[in-house]
Amino acid sequence: ALLIVQLEDTLLRELSSSTGNILDNEELINTLSNTQSQAESSKAKLQKSASTKNEISIARSGYSPVAKRGSILYFLMASLATINK
């Protein structure tokens with residue numbers, strides 16, 4: 001998100017300082033192209049991270065029953081140690 005804000009700021013600064021026809025400003029066109037490619041790249045990365053988040057959530061939910069049974073077993077064993085005392 002920070003990268004997009006920086007690119008927007010650079011683009012706006014160049015637009016505001018541009019004189020004459022903006023289509024003749026090579027630096028502005030290059031900045032616009034760079035901003036567009038970075039935004040598309042960021043969008044793709046965000047979509048991939050959302051997909052990865054869902055995969056991790058599904059995998060984590062598979063371990064939940066095991067963790068529950070493990071905690072029951074642990075506390076059962078801990079309470080068995082106090083029976084002989």
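Sequence positions, counted from 1, serve as the residue numbers for this chain.
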Would you say Ser41's side chain and Ser37's backbone share a donor-acceptor pair under 3.5 angstrom?
no
Any donor-acceptor N/O pair, Ser33 side chain to Ile29 backbone, under 3.5 Å:
no
Once side-chain contact (heavy atoms from CB on, under 4.5 Å) is applied, do any residues pair with Thr10, and if so which ones, sequence neighbours excluded?
Arg13, Glu14, Thr31
Quick check against the 3.5 Å criterion: does Thr82 have a side-chain atom that pairs as donor or acceptor with the backbone of Ser79?
yes
Has the side chain of Asn30 got a donor or acceptor atom that lies under 3.5 Å from a matching backbone atom of Glu26?
yes
Do you know which two heavy atoms are closest between Ile4 and Ala39, and how far apart they sit?
CD1-CA, 3.7 Å
If you round to the nearest 0.5 Å, how far is NZ of Lys48 from CD of Glu55?
9.5 Å
Separation of Asn34 CG from Leu11 CG (nearest 0.5 Å)
10.0 Å
What is the distance from atom NZ of Lys43 to atom CD of Gln38, rounded to the nearest 0.5 Å?
15.0 Å
Is the CD1 atom of Ile22 crowded by more than 12 outside heavy atoms at less than 6.0 Å?
no
Between Ser57 and Lys53, is there a donor-acceptor pair closer than 3.5 Å when you use the side chain of the first and the backbone of the second?
no
So which of Leu23, Asn21, Leu28 actually passes side-chain contact (heavy atoms from CB on, under 4.5 Å) with Asn25?
Leu28
